[in-house]
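Here the structure is laid out as structure tokens; the discussion comes afterwards.
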Amino acid sequence: MSQQLDFEGIAACTACRLHKTAECGRPVFGDGPKRSEVMVIDESTRLYESRATKIRDAWLSEFFDLEDLFFANAVACSPPKGKSPTKGELKKCSVWVRHQIDVVKPKYVLLLGNAPLQSITGAAGITKRRGIPFEENGIIYLPTFHPSSTFHDDDNEAIIQRDLDVFAGIVEHGGIPREESLNNFIVRSRDDFHTMLKAMKGTVSFDIETTCLNPWQINDPKTGEFDPARVTFLGFGTASGEYSIPVDDYLPRLSRIAPARRLPVLGEWSKVELCGYPILRALRMIEDALEDCFIVTHSGKFDMLWMWVHFGLEWWTDFDTMMAHYILDENARHGLKELATRYFNAPNWDIDKDAKKGNTTVEKLALYHAHDLHYTRRLRFALGRQLKKDKQVERVFWKIIMPVFRIFMEMQYDGIVVDTTKFGEAETFLRNVVAEAEKALSKWGNIEWTSPKQLAKHLYETLKIKCPLFTDKGNPSVNESALNQIDHPCVGDLLKLRGAKQQLSFFIEGWRPKLHLMNGIAYLHPSFKLHGTVTGRPSCEDPNLYQVPRDPRIRTLVTSEPGWTFCELDLSQIELRIAAELANEPTMIDAFRKGIDIHWLTAIREIERGQGLRDLVLDTARTWKQVKSISYGDALEELLEMGPDEACEINPAWKEYRKKAKPVNFGYLYGMWWKKFKTYARDNYGVEISDEQAEASRTFYFETYNKLPAWHKRQKRFAREEGYVRSLSGRKRRLPDAMRNDNSPEAKAAERQAINSPVQSFANELNFMSAIQLRKEYGRDKVRICGTVYDAILMRVKDEYVEEVVERLLTIMSHPPMLDEFGIKLKVPILAEAKIGPWGAGISFDKWKEKRREAPKVRRIR
DNA sequence: TAGCGGAGCGCG
DNA sequence: AAAGCGCGCTCCGCTA
């Protein structure tokens, strides 16, 4: 090997504490020729003599002459044994990495694992970015897993080999190789059109290009300028080539008709031509051709929604490559370009934003479009093969993911209805609160009260209040629990101001520009992402329906249009039920079978442990049983039996105790430690408890539910050995970090995820299964599903069908038929509850039925 | 002037 | 050796 590089001044580097452990007393730099085209960046010298290095060199030597390579490390000093360098250490040391790059001047750099990736890009995420080359300052980088990751996960070997192959290809080619197997046609004439129709056989990819993301857009949300949503290209990818149809002919016309329209009026489109035919006729011809095709899309919810909104066509996709990839690797990114690069070594065909909006030539946009079509189609085969390798995962894809994907499109189409009267009232109210709070605060100083930084400075420096709490980063905290712990008259107004300002900017100012008026009714169209989380839960944005406060002032803004009734059905305590099922926990299962509220059970048992609240316990039980005396022990059992509702009626103080038990249940269930419980009790309830008390509470929890520890152990062990866990449906949650098996924070976090994921995942899947069944039995003419919220289904039901639909959905939710199809048998009963009426203010189904019977019959005659 | 991370907070 | 999980949105204040 060649000599080590000599850098001046390096002996002085004491930027981080790693220099203390540096074996030779100073940082160690890389090995290799002073100038090299190819550089390999490893983690640290700690691994130099290790097995990983031998594997690394063996693999690299298949592609390169090792003597030609320069080997550097993300950190120049060795971290302690078994430890990875920290974020801060990597950042500090990145100057030395840069320095080595400047000296060696490589053209191509291979990054082995998270550490060098973080060093170069400043951000971690090797699972997301591996296999995808990127260019920076004329240097091409390719991240891949660290060779040591193969010790625990055999699959990684093949992945690294493939990435090395890609890397070698890049070096050989002198850049990222372009793959030109496109056969791109621009379809303009009738002849072109018929050629395309003939080519549409078998597997056909479908994709559209548009001027914006929101199909209902009329004005640009940023500038407010008139900028209506327009389709610029329609296209189909076939075995014989990619066909792109520019829709530019109708663009100017659409601009003229858009101001008046709210939703596209089909009649207006008939004036527009596509390839010499009226556009709707052309689209019907395409529809006929598609009848016998297998339609493939990438994120097809988007394209199909546009087709529906703009042309009234309810098309659907047979296979979505984004969904397929999500179910195959929830940790990675699912963009088409990233997948194409990873799977097919595709060139980067991206064009800038403005060009995508149509500000470019038809040829350039068509070529871009063709790439989308080409790789979407090819991905279908690659991903289809990968799906077949795991039958359970494949079944989740076909039975749950694809059907729910379709329901999500409908949810977006139908949107949610906003009560504009209440919207105005809420705004007035909130503005008043803000004005009053600001006025009250002005006497304490003239600062921006909503700025955490200014507030902290003002409170803890100017006013010299002792800071009770610090943030994770170590800064003085001004969050709600910190404020509650300081004694100053401004606290109340401060919290009022914060709350009102937040609601105002989230739900009034945030929603207003997104409101879409149609026939005098205001709609929001939140975007639901089925691939939004790693656990299988969905996510929601623009706006996020999942974070609407329970405060009725805001929540009741969500309602239904005339003739329809808003309903919410939720799965009661579903996560705890599933945890009980998975852990086979007899105390919990027994409680659920008897209909005992588990938060209540935890609360009562905790009170029993402390032998506290004697008066309250005895009084409540005596009132309930109508007896003069009762023992403390019996009284507690009576309390259990009566449940929280009855107890609250006798003495409202009970409400607090159930409320307190809830986070404890979830916390301990998912691996919370007593220390956190201690701070939790202090911050949220102002109760100072000792370490011993906190420890005892945790111990007691696992004694009460004594089968939980074994379940935790099972999950952790499985994840450590296999690198993944499954939910009851068979869905996989991949946890490569669990395989590190080294007590690192990452490994421990992965172990906790191994416990949490299958619960969260399956709870949501149950909800999905119910939604699928509901849609199967009732069409959009009767039921409009407007959201699935983890454990609940929100819908609007045509007035005449409310009783029938709600009754049926309650039954479905307590046992979705798909459970049988999946062969899932549950010991724990599942229970659903219904609320009828505007969100957050609905009445229980029973009360609603009662009321309806009382109502005069005339009401129902229309 | 745009992008980004931290803090804080809403939901389950 | 370190200990609930999963999201999105808005604000501020800093950096490119």
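So that the names make sense, note that chain A is the first sequence line, chain B the second, and so on, each numbered from 1.
When side chains are defined from C-beta on, A:Val418 does not count as touching A:Thr559, because their heavy atoms never get closer than 4.5 Å.
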Inset, instruction - Indicate for each nucleotide in nucleotides 10-16 of chain C, in 5' to 3' sequence, whether protein heavy atoms under 4.0 Å reach the base (B), only the sugar-phosphate (S), or nothing (-). - result: SSSSS--

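No side-chain donor-acceptor contact under 3.5 Å links A:Ser481 and A:Arg682. Side chains of A:Thr602 and A:Tyr705: a donor-acceptor N/O pair is present below 3.5 angstrom, by distance only.
Note on A:Lys678 versus A:Glu695: no salt bridge recorded, every NZ/NE/NH1/NH2 to OD/OE distance being 4.0 Å or above. We find that A:Glu751 and A:Lys748 are joined by a salt bridge, their nearest charged nitrogen and carboxylate oxygen being less than 4.0 Å apart. In this structure, A:Arg431 pairs ionically with A:Glu509, as a charged nitrogen and a carboxylate oxygen lie closer than 4.0 Å. Between A:Asp597 and A:Arg658, at least one side-chain nitrogen of the basic residue sits less than 4.0 Å from a carboxylate oxygen of the acidic one, meeting the salt-bridge criterion.
Among the protein residues, A:Val759 comes within range of no part of the nucleic acid, since none of its heavy atoms lies under 4.0 Å from any strand. Base engagement by A:Asn743 is indicated by at least one non-hydrogen atom pair under 4.0 Å involving a base atom. At a threshold of 4.0 angstrom between heavy atoms, the contacts of A:Ser757 with the nucleic acid are absent. Residue contacts shown for A:Glu480 are limited to sugar-phosphate atoms, with no base heavy atom under 4.0 Å away. Residue contacts shown for A:Gln760 include a base, since a base heavy atom lies under 4.0 Å away.
Residue A:Lys676 places at least one side-chain N or O under 4.0 Å from the OP1 or OP2 atom of C:dG4. At C:dG6, none of the side-chain N or O atoms of A:Arg537 fall inside 4.0 Å of OP1 or OP2 (strictly under the cut-off).
Counting to the nearest Å, the C1' atom of C:dC5 and the CG atom of A:Asn764 are 14 Å from each other. In this structure, the CH2 atom of A:Trp673 is 10 Å from the P atom of C:dG4, given to the nearest Å. Rounded to whole Å, atom P of C:dC5 lies 19 Å from atom NZ of A:Lys662. In this structure, the CD atom of A:Gln503 is 17 Å from the P atom of C:dC9, given to the nearest Å. Note: CZ (A:Phe762) to C1' (C:dC5) measures 18 Å, nearest angstrom. Rounding to whole angstrom units, NE2 of residue A:His712 and C1' of C:dC5 are separated by 11 Å. Atom-to-atom, CZ of A:Phe507 to P of C:dC9 comes out at 11 Å; the value is rounded to the nearest Å. One can place CG of A:Asn767 at 20 Å from P of C:dG6, the figure rounded to the nearest angstrom.
Taking a 4.0 Å limit (strictly below) on heavy-atom distances, residues 542-556 of chain A reaches DNA chain C at A:Asp542, A:Asn544, A:Gln547. Across residues 697-708 of chain A, not one residue has a non-hydrogen atom less than 4.0 Å from an atom of DNA chain B.
Applying the ring-ring contact (aromatic ring centres under 6.0 Å, His included) criterion to A:His531, with sequence neighbours excluded, gives no partner residue. Legend: residues meeting ring-ring contact (aromatic ring centres under 6.0 Å, His included) with A:Phe507, ordered by chain and number and at least two apart, are A:Trp511. Partners of A:Glu461 under the salt bridge (Lys or Arg N to Asp or Glu O under 4.0 Å) rule, at least two apart in sequence or in another chain, do not exist in this structure. In this structure, the side chain to side chain donor-acceptor pair (under 3.5 Å) partners of A:Gln753, at least two apart in sequence or on a different chain, are A:Arg733. Applying the ring-ring contact (aromatic ring centres under 6.0 Å, His included) test to A:Tyr724 and every residue at least two apart in sequence or in another chain returns A:Phe718.
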Legend entry - Pairing pattern in dot-bracket form [Watson-Crick, G-U; both distances under 3.5 Å; | = partner strand] for DNA chain C: ....||||||||||||

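Listed by first and then second residue, the salt bridge (charged side-chain N to carboxylate O under 4.0 Å, His left out) pairs involving residues 709-718 of chain A are A:Arg717-A:Glu721 (not counting sequence neighbours). Listed by first and then second residue, the salt bridge (charged side-chain N to carboxylate O under 4.0 Å, His left out) pairs involving residues 525-537 of chain A are A:Lys529-A:Glu541, A:Arg537-A:Glu575 (not counting sequence neighbours).
Between chain A and DNA chain B, the heavy-atom contact criterion of under 4.0 Å yields a 5' to 3' nucleotide range of B:dG6 to B:dG12.
Between A:His325 and A:His334, the ring-plane angle classifies as perpendicular under the 30° and 60° cut-offs.
Counting only heavy atoms from C-beta on, A:Lys529 has its side chain closest to C:dG8 among C:dG8, C:dC5, C:dG4.
Annotation: A:His458 is in aromatic contact with A:Trp449 [ring centroid separation under 6.0 Å].
The backbone N or O of A:Met739 lies less than 3.5 Å from no partner atom in the side chain of A:Arg720, so there is not a single donor-acceptor pair.
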